[in-house]
**Student:** 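This is the structure I want to talk about, given as structure tokens.
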Protein chains: 2
Amino acid sequence: MNPLSPLGDTFTELVLEVFRVNRLLLEAGDQLTKPVALSSARWQVLGVVEHGPIPVAHVARIMGLTRQSVQQTADGLAADGLIVYSDNPHHRRAKLMTLTTKGREALDYVQERHAEWANQLGATHTLEDLQTAVQVLRQIRESLDPSPEPEADA
Amino acid sequence: MNPLSPLGDTFTELVLEVFRVNRLLLEAGDQLTKPVALSSARWQVLGVVEHGPIPVAHVARIMGLTRQSVQQTADGLAADGLIVYSDNPHHRRAKLMTLTTKGREALDYVQERHAEWANQLGATHTLEDLQTAVQVLRQIRESLDPSPEPEADA
DNA sequence: ACCAAATTGACAGTACACTGTCAAAAACTA
DNA sequence: TAGTTTTTGACAGTGTACTGTCAATTTGGT
């Protein structure tokens with residue numbers, strides 16, 4: 001009755017697991033960032049801005065999101081004083097997102113808590129299994145994504 | 001400078017990969033379901049209703065979503081005639097979501113296309129690697145989820 | 001039978017992703 | 001230089017998830 005092959009079936013299981021884990025991870029991230037008025041989305045944007053002033057559209061490309069989505073997040077960050085838009089000598093419209101002291105402090109706090117969290121959760125697996133999982137997901141991403149992209153600093 | 005252990009670091013890589021693959025999978029699902037006016041969210045709800053008439057709140061628990069979220073999706077499905085709310089002999093308020101002929105046909109179509117898609121993408125991995133990925137994600141989910149839950153029919 | 005607690009749907013509001021469109025600015029091409 | 005294309009931000013609208021709250025209903029305890 002079901003034309004799913006064993007591989008297709010296990011792949012489907014994996015897909016459903018990705019959906020659920022995605023939601024739980026966002027939830028965990030929101031808890032992690034709550035004390036400094038951040039959120040998973042804001043934190044990820046700050047994590048890119050951290051490397052230096054950068055326009056919204058660039059961040060969107062790096063993160064694989066639309067610039068409209070990042071713009072919305074960035075406006076929220078600016079409204080809360082975690083970043084400021086500074087002039088871009090190379091482009092009149094595309095202002096640069098720049099981390100403020102408040103943003104720097106919030107990010108420091110979250111990164112510290114994130115490290116503890118990731119170390120703890122990572123420790124319940126073998127390095128080999130984690131790497132296999134990463135590799136499988138990466139391959140799936142490359143199969144689905146028309147625009148593969150570079151990784152930032154190791 | 002970075003207090004991340006090798007395991008914590010690889011775990012973090014995995015988290016970011018989950019975020020991105022999640023988005024791409026939803027996108028792929030939306031493409032898959034587009035010809036029959038469905039979407040990833042609607043399809044997943046239909047996939048539960050398929051097993052028999054069931055109240056919204058039950059579907060929410062099965063899927064690990066809030067009932068408000070499923071309610072919204074279900075109302076859309078009802079508005080488009082893919083399900084109907086039928087009376088529940090055991091509960092006056094909690095009406096039963098029931099698949100209509102139109103819903104059945106849409107689901108058949110999507111399941112057929114899904115099987116082809118999953119078989120094809122699954123075939124680019126070994127069964128062992130897929131199972132490891134599933135197992136790692138499942139373990140992460142159990143670490144994060146206060147309410148673990150049963151799997152439906154194999 | 002009664003009362004308290006849990007479940008359910010309805011409604012309101014929020015966060016974050018998407019698409020589509022427009023005009024300004026920049027980059028490219030001939 | 002002039003004209004076209006691409007990039008960018010702004011704005012509007014949608015889908016799907018969340019929280020919180022309320023009243024109706026059901027369930028469970030005494």
Side-chain angles (χ1 to χ4, degrees), chain A residues 18-31 33-34 37-46 53-80 83 85-97 145 147, chain B residues 18-31 33-34 37-46 53-80 83 85-97 145 147:
Chain A
V18 166
F19 288 158
R20 177 153 314 187
V21 168
N22 177 259
R23 257 186 293 113
L24 292 171
L25 285 174
L26 285 174
E27 202 177 299
D30 287 343
Q31 288 300 321
T33 56
K34 189 190 281 180
L38 281 178
S39 68
S40 295
R42 288 178 170 206
W43 166 29
Q44 285 183 68
V45 169
L46 279 195
I54 182 174
V56 165
H58 290 206
V59 173
R61 269 198 303 270
I62 289 171
M63 295 179 64
L65 300 175
T66 60
R67 67 187 198 290
Q68 291 92 331
S69 172
V70 174
Q71 186 77 56
Q72 191 176 26
T73 302
D75 287 347
L77 286 169
D80 285 2
I83 62 164
Y85 291 118
S86 49
D87 284 347
N88 184 346
H90 303 320
H91 198 302
R92 204 179 314 176
R93 291 201 86 193
K95 287 188 236 150
L96 299 171
M97 302 175 64
D145 192 350
S147 66
Chain B
V18 167
F19 288 158
R20 178 154 313 188
V21 168
N22 177 260
R23 259 186 290 116
L24 292 170
L25 285 174
L26 285 175
E27 202 177 298
D30 288 343
Q31 289 298 321
T33 57
K34 189 189 281 180
L38 281 179
S39 67
S40 296
R42 289 180 170 204
W43 166 28
Q44 285 183 69
V45 169
L46 279 194
I54 182 174
V56 165
H58 290 207
V59 174
R61 267 198 303 271
I62 291 172
M63 294 178 66
L65 299 176
T66 61
R67 66 187 199 289
Q68 291 92 330
S69 171
V70 175
Q71 186 77 55
Q72 193 175 24
T73 302
D75 287 347
L77 286 169
D80 285 3
I83 63 165
Y85 291 118
S86 49
D87 283 347
N88 185 348
H90 303 319
H91 199 301
R92 204 180 312 177
R93 291 202 87 192
K95 287 187 233 150
L96 300 172
M97 302 175 63
D145 193 350
S147 67

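Each chain gets a letter, A, B and so on, in the order its sequence line appears, and its residues count up from 1. All values derive from a computational prediction rather than experimental measurement.
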**Student:** Would you say B:His90 reaches D:dT27's phosphate, i.e. side-chain N/O to OP1/OP2 under 4.0 Å?
**Tutor:**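 False: B:His90 side-chain N/O out of range (4.0 Å or more) of D:dT27 OP1/OP2.
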**Student:** Measure CG/A:Asp75 against P/D:dT8 and give the value in whole Å, please.
**Tutor:** 16 Å
**Student:** Would you work out how much the helix from C:dA1-D:dT30 to C:dA30-D:dT1 bends between its ends, with each end axis defined by five base pairs, to 10 degrees?
**Tutor:** 30°
**Student:** About how many Å separate OG1 of B:Thr73 and CG of B:Leu38, when rounded to the nearest 0.5 Å?
**Tutor:**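 If we round to the nearest 0.5 Å, B:Leu38:CG and B:Thr73:OG1 are 11.0 Å apart.
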**Student:** How close do B:Arg67 and B:Val56 get, counting heavy atoms only, and between which atoms?
**Tutor:**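 Result for this residue pair: O-CG1, 3.7 Å.
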**Student:** Using atom CD1 of A:Ile54 as one end and atom C1' of D:dG9 as the other, report the distance to the nearest whole Å.
**Tutor:**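 So the two atoms are 15 Å apart, to the nearest Å.
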**Student:** Look at the side chain of A:Asn88 and the backbone N and O of A:Ala94, then say whether any donor-acceptor pair between them is shorter than 3.5 Å.
**Tutor:** yes
**Student:** Just by modelled atom types, is the A:Leu65 backbone N or O under 3.5 Å from a matching donor or acceptor in the A:Ser69 side chain?
**Tutor:**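 Pair absent, no side-chain N/O of A:Ser69 close to backbone of A:Leu65.
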**Student:** What one-letter contact string describes nucleotides 11-17 of chain D from 5' to 3', where B marks a base within less than 4.0 Å of any protein heavy atom, S marks contact via sugar-phosphate atoms alone, and - marks no contact?
**Tutor:** B----BB
**Student:** Please report, rounded to the nearest Å, how far the P atom of D:dT8 is from the OH atom of A:Tyr85.
**Tutor:**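 Spelled out: OH on A:Tyr85 to P on D:dT8 is 14 Å.
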**Student:** In whole angstrom, give the distance that lies between atom CG of B:Leu96 and atom C1' of C:dT8.
**Tutor:**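 For the pair B:Leu96 CG and C:dT8 C1', the rounded distance is 13 Å.
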**Student:** Scan side-chain atoms only and decide if A:Asp30 and A:Ser39 contain a donor-acceptor pair under the 3.5 Å cut-off.
**Tutor:**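 No - no donor-acceptor pair under 3.5 Å links their side chains.
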**Student:** Whole angstroms only, please: what is the CG-P distance between A:Leu26 and C:dT14?
**Tutor:**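 Atom-to-atom, A:Leu26 to C:dT14, this comes out as 20 Å.
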**Student:** Round to the nearest Å and state the distance from B:Asn88 atom CG to D:dT26 atom C1'.
**Tutor:**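 Those two atoms, CG and C1', are 11 Å apart.
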**Student:** If you count every heavy atom of other residues, nucleotides or ligands that lies below 6.0 Å from B:Asp87 atom CG, does the total exceed 12?
**Tutor:** no
**Student:** What verdict does the side chain to side chain contact (heavy atoms under 4.5 Å, CB included) test give for B:His91 and B:Leu96, after you've listed the backbone C-alpha separation in whole Å, the side-chain angles of each residue and the deciding distance to 0.1 Å?
**Tutor:** CA-CA 9 Å; B:His91 199 301; B:Leu96 300 172; over 6 Å; no
**Student:** Look up atom CD in A:Gln68 and atom CD in A:Gln71, then write down how far apart they are to the nearest 0.5 Å.
**Tutor:**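 The CD atom of A:Gln71 is 8.5 Å from CD of A:Gln68, to the nearest 0.5 Å.
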**Student:** Would you tabulate the pairs of protein nitrogen or oxygen atoms and nucleotide nitrogen or oxygen atoms of nucleotides 22-25 of chain C closer than 3.5 angstrom?
**Tutor:**
unit_1: C:dA24; atom_1: N3; unit_2: A:Arg93; atom_2: NH1; d: 3.1

**Student:** Quick one: closest heavy-atom pair of B:Trp43 and B:Gly29, and the distance?
**Tutor:** CZ3-CA, 4.4 Å
**Student:** Supply the atom-to-atom distance B:Arg61 CZ to B:Ile54 CD1, rounded to the nearest 0.5 angstrom.
**Tutor:** 8.5 Å
**Student:** Could you state the atom-to-atom distance from CZ of B:Arg61 to C1' of C:dG9 in whole Å?
**Tutor:** 13 Å
**Student:** Measuring from atom NE2 of A:His58 to atom CE of A:Met63, what distance do you get when rounded to the nearest 0.5 angstrom?
**Tutor:** 15.0 Å
**Student:** Atom CD of B:Gln71 and atom P of C:dT7: how far apart are they, to the nearest Å?
**Tutor:** 17 Å
